[in-house]
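Report on one structure; see the data block that follows.
Here the structure is a predicted model, which means the values were calculated and not measured.
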Amino acid sequence: MGFIMYMVIFIYGGMVMRSVMEEKINRIVEVMISSVKPIQLMLGKILGVGAVGLTQLAIWLILIPLVLIGAQMILGGGQDPQQLQELAAQANTLPTDQMQDFDLNQIIIEMGQLNWLLIIPVFVIFFFGGYFIYSSLFAAIGSAIGDDMGEGQQLMFPIIIPVILAFVMMQGTLQDPNGNMAIFGSLFPLTSPIIMPSRLAFDPPLWQVFLSIVLLVLSCLFFAWLAGRIYRIGILMYGKKVSFRELGKWITYKS
């Protein structure tokens with residue numbers, strides 16, 4: 001699930017950014033903002049692409065249980081756990097193909113014991129929260145740059161760093177799900193959409209889960225406001241190379 005979030009942020013966030021850039025380059029946005037406010041246009045873009053992501057997520061949620069059930073039926077998942085332990089004791093004498101069947105059955109059994117009633121809804125919340133935060137930032141970057149993608153690389157760098165850092169931290173989280181790094185990563189809003197799903201299988205304290213969700217929701221509101229301040233200026237700005245200092249000025253401009 002953490003890896004899915006990693007891919008979603010880059011794939012759908014990039015889709016939002018490219019869509020904003022295309023509308024700006026083609027001057028279509030100048031017609032659209034005559035009917036709606038820039039912030040409404042930006043949120044509509046984010047929610048539209050998010051609907052595509054939701055459809056794909058729903059397909060994953062349906063297919064994964066079906067694949068697991070099918071694999072369990074094919075591999076004879078009805079074996080008694082005690083029999084599996086006896087097989088493990090005889091592991092040195094088992095053929096390779098039987099060892100693989102035993103390992104896969106063990107994985108299926110362990111996955112069936114997870115608290116999916118908590119994992120799935122919490123993952124959906126972090127899916128939307130992580131997508132909304134990063135797609136807002138990508139939309140702001142898309143509005144600030146023109147048709148020169150090289151110019152956008154510099155502005156995208158601060159957005160990409162937390163995502164890559166979270167993906168690296170996720171490897172350590174699986175080794176020590178209750179360590180300081182895992183707790184910090186699952187609470188920090190820019191990394192929690194990737195880190196917290198990777199901790200859910202280890203039953204983290206519920207207060208950490210709820211606190212992480214609250215911080216995520218507040219961060220969604222903050223970054224939507226921040227991106228909207230940049231978007232309203234950048235979407236009509238042409239022929240000027242934008243720097244971080246310039247973005248800071250746009251945020252403070254009065255409506």
Side-chain angles (χ1 to χ4, degrees), residues 1-18 46 49-50 52-61 63-64 67 107 110-111 114-116 118-142 149-150 152-205 208-220 222-224 226-227 244:
M1 288 181 174
F3 182 75
I4 289 175
M5 277 304 313
Y6 176 80
M7 298 301 297
V8 162
I9 288 172
F10 280 114
I11 294 175
Y12 295 107
M15 287 175 59
V16 171
M17 185 181 71
R18 287 191 298 270
I46 293 172
V49 177
V52 177
L54 177 61
T55 302
Q56 187 169 6
L57 176 63
I59 293 174
W60 287 336
L61 293 177
L63 288 181
I64 289 176
V67 170
I107 291 173
E110 291 295 333
M111 291 189 67
L114 296 178
N115 187 8
W116 292 105
L118 173 67
I119 293 176
I120 291 179
V122 170
F123 172 70
V124 171
I125 294 173
F126 280 96
F127 176 88
F128 280 111
Y131 163 77
F132 195 85
I133 288 177
Y134 282 98
S135 60
S136 298
L137 296 175
F138 275 113
I141 297 301
M149 285 298 297
Q153 296 297 325
Q154 178 183 0
L155 298 178
M156 289 172 57
F157 188 67
I159 302 177
I160 295 175
I161 286 179
V163 182
I164 297 177
L165 181 62
F167 186 72
V168 174
M169 292 171 62
M170 184 175 64
Q171 311 303 319
T173 300
L174 297 177
Q175 300 295 327
D176 187 10
N178 294 313
N180 293 331
M181 181 183 69
I183 295 175
F184 171 79
S186 62
L187 295 179
F188 185 58
L190 293 179
T191 58
S192 63
I194 296 176
I195 301 298
M196 182 55 81
S198 67
R199 292 187 64 203
L200 292 177
F202 302 97
D203 295 325
Q208 294 182 9
V209 177
F210 289 127
L211 178 59
S212 181
I213 292 175
V214 170
L215 294 175
L216 183 69
V217 172
L218 294 177
S219 298
C220 287
F222 171 74
F223 284 107
L226 186 69
F244 289 110

Of the non-hydrogen atoms in [X] and [Y], which two are nearest, and what is the gap between them?
X	Y	value
Ala139	Val16	CB-CG1, 3.7 Å
Ala166	Ile195	O-CD1, 3.2 Å
Pro189	Leu216	O-CD1, 4.0 Å
Met169	Gly185	CE-CA, 3.7 Å

Taking atom CD as the centre, does Gln171 end up with more than 12 heavy-atom neighbours from other residues, nucleotides or ligands that are less than 6.0 angstrom away?
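Yes, CD of Gln171 has more than 12 neighbouring heavy atoms, counting only those of other groups under 6.0 Å.
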
Side chain to side chain donor-acceptor pair (under 3.5 Å) partners for Asp203, two or more places apart
none

Would you please name every residue forming a side chain to side chain donor-acceptor pair (under 3.5 Å) with Ser136, sequence neighbours left out?
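With sequence neighbours excluded, Ser136 shows a side chain to side chain donor-acceptor pair (under 3.5 Å) to no residue whatsoever.
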
What side-chain hydrogen bond (donor to acceptor under 3.5 Å, both in side chains) pairs are there with at least one residue in residues 185-201, not counting sequence neighbours?
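side-chain hydrogen bond (donor to acceptor under 3.5 Å, both in side chains) check on residues 185-201 returns Asn178-Arg199, Ser186-Arg199, Arg199-Gln208.
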
To the nearest 0.5 Å, what is the distance between [atom1] on [X] and [atom2] on [Y]?
X	Y	atom1	atom2	answer
Leu200	Ile120	CG	CD1	11.0 Å
Met170	Met181	CE	CE	11.0 Å
Phe202	Asp176	CZ	CG	10.0 Å

With the side chain counted from C-beta on, respond yes when Met156 and Phe138 share a heavy-atom pair under 4.5 Å apart, and no when they do not.
yes

Please lay out, stage by stage, how Ile46 and Tyr131 fare under the test side chain to side chain contact (heavy atoms under 4.5 Å, CB included).
CA-CA 9 Å; Ile46 293 172; Tyr131 163 77; 3.8 Å; yes

Under 3.5 Å: donor-acceptor pair, side chain of Tyr134, backbone of Leu190
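The answer is yes, because a donor-acceptor pair under 3.5 Å joins these two groups.
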
Consider side-chain contact (heavy atoms from CB on, under 4.5 Å). Of Ile9, Val168, Thr173, which one does Ile194 pass it with?
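It is Ile9, the one option of Ile9, Val168, Thr173 that forms the side-chain contact (heavy atoms from CB on, under 4.5 Å) with Ile194.
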
Check the pair Cys220 / Phe128 against side chain to side chain contact (heavy atoms under 4.5 Å, CB included), numbers first and verdict last.
CA-CA 10 Å; Cys220 287; Phe128 280 111; over 6 Å; no

Please confirm whether Phe188 and Phe184 have ring centers closer than 6.0 angstrom.
yes

